[in-house]
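What follows is a short report on a single structure.
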Amino acid sequence: MDKLDFDTTSCWEAYASEEHQAAMRELADRYVDFLSRCKTERETVDYVVTRLRASGYTENFAHDKVYRVFKGKTVFIARKGRAQLSQGLRLIGAHADTPRLDLKQRPLLEQAGIGQAKTHYYGGIRKYQWLARPLALHGVVVKENGESVRITLGEDPAEPVFTIADLLPHLAQKQAGQTIADAFEGEKLNIVLGHRPMPKPVTEEASGDAAASAETAAAPVAANGNATASDSTSKKDAPKDPIKARMLALLHEKYAIREEDLYSAELQAVPAGPARYVGLDGSLVGGYGQDDRICVFAALEALLAADNPQQPQCVLFWDKEEIGSEGSTGAKSRFFEYCIEDLIAAWQPAARFSDVMLATRALSADVHAAIDPDWQELHEKLNAAVIGHGPCFCKFTGHRGKYEANDAHPEYVGWLRGVLNGRKIPWQMAELGRVDGGGGGTVAMYLAAYGMDIIDFGPAVLSMHSPFELASVADLYATRLAYTAFLEK
């Protein structure tokens with residue numbers, strides 16, 4: 001008699017063979033390198049484009065394998081299948097942006113002997129997690145002549161890092177009694193950029209006579225207490241904020257930029273240093289930005305590995321998901337529509353946009369919250385994701401009474417189960433926390449508006465939205481296989 005009940009399967013058991021273990025480790029090694037190098041959406045898109053070009057993809061939509069980048073932060077990818085476009089796409093959409101600290105447009109200041117940069121946090125962060133840890137600066141500065149200057153500081157071991165100073169416990173009695181929201185103010189997330197002031201300018205008197213200079217240095221103040229002429233000249237020429245002046249001088253020396261150029265910049269403070277294997281067995285990957293770059297990586301690997309597809313394939317990596325998919329590079333924009341219109345014109349001019357959309361089957365490739373071993377009471381365990389048990393379906397997101405959610409149709413969920421079970425790929429299904437205590441949002445509901453079938457589907461992670469998220473090596477492997485199975489079906 002067939003087994004009537006259902007239990008999820010550990011990926012470690014499903015992929016225990018030496019062949020699978022070797023493939024799993026090889027994929028994880030490349031993922032760790034990707035995660036270490038791609039800490040912004042621009043860096044992620046650059047990585048994706050490099051891989052696509054090496055695999056024969058072009059920006060000319062008349063070809064079979066094409067891509068298009070928008071504003072350097074969003075990328076559309078498509079590949080012809082044996083079926084016509086009007087029969088629908090197999091589409092995977094993920095996002096390349098992550099929670100972080102953005103430098104304000106006028107960031108530099110000096111106070112209490114420290115040079116700082118003011119920030120404005122992006123996305124859902126827990127502010128205290130960003131204090132007293134090494135940070136790096138990534139981003140671009142665009143000059144008024146249009147020249148774009150790429151900046152990466154704090155990743156090379158030979159370079160200094162940055163940080164946000166935390167309050168010592170001896171002075172934190174009041175803070176200890178406050179709520180987290182009140183105790184950690186966004187305006188106090190100021191990054192330490194420097195400490196050494198700009199040297200005072202050398203005066204003519206000091207440079208004219210070495211002996212006189214030595215004498216002046218020994219007695220810079222007259223007997224009546226007034227400053228000497230040399231001292232007055234030095235104070236007049238010295239910058240008002242000497243530490244800030246030195247920071248600007250160093251930036252100009254390295255990047256030929258001025259303070260005004262920072263008004264047209266996108267600079268992000270992110271955790272410094274590489275991603276790492278975690279645990280005695282190295283079975284977890286720890287690093288910044290795994291929500292949602294683990295899905296970006298797995299979807300790209302799946303696309304490049306998929307063989308002779310029946311349906312046309314489409315993969316999208318969006319920006320701005322962490323702040324509601326807004327803006328011209330988010331999922332709410334018309335960029336996706338414009339790309340599909342151009343694809344139809346090139347591949348099947350007689351097809352209608354609505355026919356393509358209504359026949360499309362899609363995955364919103366986004367991570368899910370794994371049940372935290374120390375906070376199990378925040379999950380409803382029958383409907384919670386277990387790390388290491390494969391990628392996780394989330395039938396609906398939203399919050400409370402399923403507000404602002406895509407709710408996947410059961411016919412589609414049944415079809416997807418068949419795709420994965422047919423290849424013996426472990427999977428699970430979960431909700432994000434208890435009914436009245438959790439919730440979240442993804443790009444799924446914006447794609448669902450076109451009438452396509454879509455569901456959220458990605459690996460479960462621990463410490464989501466923190467500067468050091470945890471993902472299972474086995475889940476990464478299973479997710480890549482699952483995305484490939486979906487694209488090839």
Side-chain angles (χ1 to χ4, degrees), residues 39-40 42 99-122 125 127-144 147-172 175 183-203 220 231-273 288 467:
K39 294 191 177 182
T40 71
R42 290 178 186 269
R100 60 180 187 258
L101 300 179
D102 287 339
L103 266 62
K104 290 190 176 186
Q105 263 40 69
R106 190 172 188 179
L108 302 182
L109 77 157
E110 173 184 333
Q111 52 185 358
I114 294 292
Q116 295 175 300
K118 297 196 69 65
T119 69
H120 193 135
Y121 62 90
Y122 172 99
I125 70 168
K127 302 183 191 77
Y128 66 86
Q129 295 177 336
W130 290 76
L131 308 178
R133 66 178 305 121
L135 300 173
L137 293 180
H138 290 237
V140 295
V141 177
V142 182
K143 300 182 180 181
E144 62 183 0
E147 179 189 355
S148 182
V149 181
R150 286 291 184 104
I151 290 180
T152 304
L153 277 173
E155 297 292 355
D156 189 321
E159 294 176 339
V161 296
F162 311 96
T163 193
I164 300 172
D166 197 3
L167 182 63
L168 67 163
H170 311 70
L171 300 180
Q175 185 189 56
F184 302 97
E185 301 175 34
E187 287 293 352
K188 291 186 182 295
L189 296 177
N190 299 322
I191 298 169
V192 175
L193 288 188
H195 168 58
R196 180 181 172 186
M198 179 76 81
K200 291 182 178 180
V202 178
T203 63
D231 190 53
S232 298
T233 303
S234 176
K235 285 184 177 180
K236 180 180 178 181
D237 295 339
K240 177 183 176 183
D241 298 313
I243 299 175
K244 175 184 172 182
R246 180 166 173 79
M247 292 190 300
L248 284 168
L250 292 171
L251 288 171
H252 187 269
E253 179 183 348
K254 187 173 180 66
Y255 297 109
I257 59 176
R258 301 173 302 161
E259 185 172 20
E260 184 183 335
D261 294 323
L262 299 179
Y263 281 96
S264 50
E266 283 185 352
L267 293 174
Q268 304 173 9
V270 299
Y288 166 69

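In terms of modelled atom types and a separation under 3.5 Å, the side chain of Glu110 and the main chain of Ile243 share a donor-acceptor contact. Looking only at distances, a side-chain donor or acceptor of Thr119 sits under 3.5 Å from a matching main-chain atom of Leu189. Between the side chain of Gln268 and the backbone N or O of Thr40, no donor-acceptor pair lies under 3.5 Å. A distance-only check finds a donor-acceptor pair linking the side chain of Lys39 to the backbone of Pro271 [under 3.5 Å]. In this structure, the side chain of Lys118 engages the main chain of Glu187 through a donor-acceptor pair within 3.5 Å. Not one N or O on the side chain of Thr152 forms a donor-acceptor pair closer than 3.5 Å with the backbone of His138.
No hydrogens or angles considered: a donor-acceptor pair under 3.5 Å links the side chains of Gln111 and Gln116.
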key: CA sep, side-chain torsions, deciding dist, call: Leu262, Arg106, side chain to side chain contact (heavy atoms under 4.5 Å, CB included)   = CA-CA 7 Å; Leu262 299 179; Arg106 190 172 188 179; over 6 Å; no
query = Step by step, would you call Leu108 with Leu248 a side chain to side chain contact (heavy atoms under 4.5 Å, CB included)?
reply = CA-CA 9 Å; Leu108 302 182; Leu248 284 168; 3.5 Å; yes
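The side chain to side chain contact (heavy atoms under 4.5 Å, CB included) search around Pro134 returns Val161, Ala272, not counting sequence neighbours. For Glu144, there are no salt bridge (charged side-chain N to carboxylate O under 4.0 Å, His left out) partners, not counting sequence neighbours. The side chain to side chain contact (heavy atoms under 4.5 Å, CB included) check on Ala183 picks up Gln175, Gln178, with sequence neighbours excluded. Looking at residues two or more places apart in sequence or on another chain, you find a ring-ring contact (aromatic ring centres under 6.0 Å, His included) between Tyr128 and Phe184.
Between the NZ atom in Lys104 and the CG atom in Leu267 there is a gap of 15.0 Å [rounded to 0.5 Å]. Taking CG of Leu193 as the start and CD1 of Ile114 as the end, the distance is 10.0 Å to the nearest 0.5 Å. Note that CD1 of Ile151 is 5.5 Å distant from OH of Tyr255, once rounded to the nearest 0.5 Å.
Residues Glu185 and Lys127 are not paired through a salt bridge, judged by the lack of any N-O separation under 4.0 Å between the basic side chain and the carboxylate. Ion pairing between Arg100 and Asp102 holds under the 4.0 Å rule for side-chain N and carboxylate O.
Between Ala249 and Met198, the shortest heavy-atom distance links the atoms CB-CE, 3.5 Å. Nearest heavy-atom pair across Lys254 and Leu153 is CE-CD2, 3.6 Å. Residues Ala136 and Glu155 come closest through the heavy atom pair CB-OE2, 3.4 Å.
With a 4.5 Å cut-off on side-chain heavy atoms, Tyr121 and Pro99 do not count as touching. Two residues are said to be in side-chain contact when any heavy atoms from C-beta on lie closer than 4.5 Å; Leu103 and Ile191 meet this criterion. When side chains are defined from C-beta on, Arg42 counts as touching Arg150, because their heavy atoms get closer than 4.5 Å. Under the 4.5 Å side-chain criterion, counting only non-hydrogen atoms from C-beta, Leu251 is not in contact with Asp261. By the 4.5 Å heavy-atom criterion applied to side chains, Leu101 and Ile125 are counted as neighbours.
Within the structure, the side chain to side chain donor-acceptor pair (under 3.5 Å) test picks out the following pairs touching residues 240-252 (sequence neighbours left out): Lys244-Glu259.
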Return a table of donor-acceptor pairs under 3.5 angstrom between the side chains of residues 162-169 and protein atoms on other chains or two or more places apart.
unit_1 : atom_1 : unit_2 : atom_2 : d
Thr163 : OG1    : Arg133 : N      : 3.3
Thr163 : OG1    : Arg133 : O      : 3.0

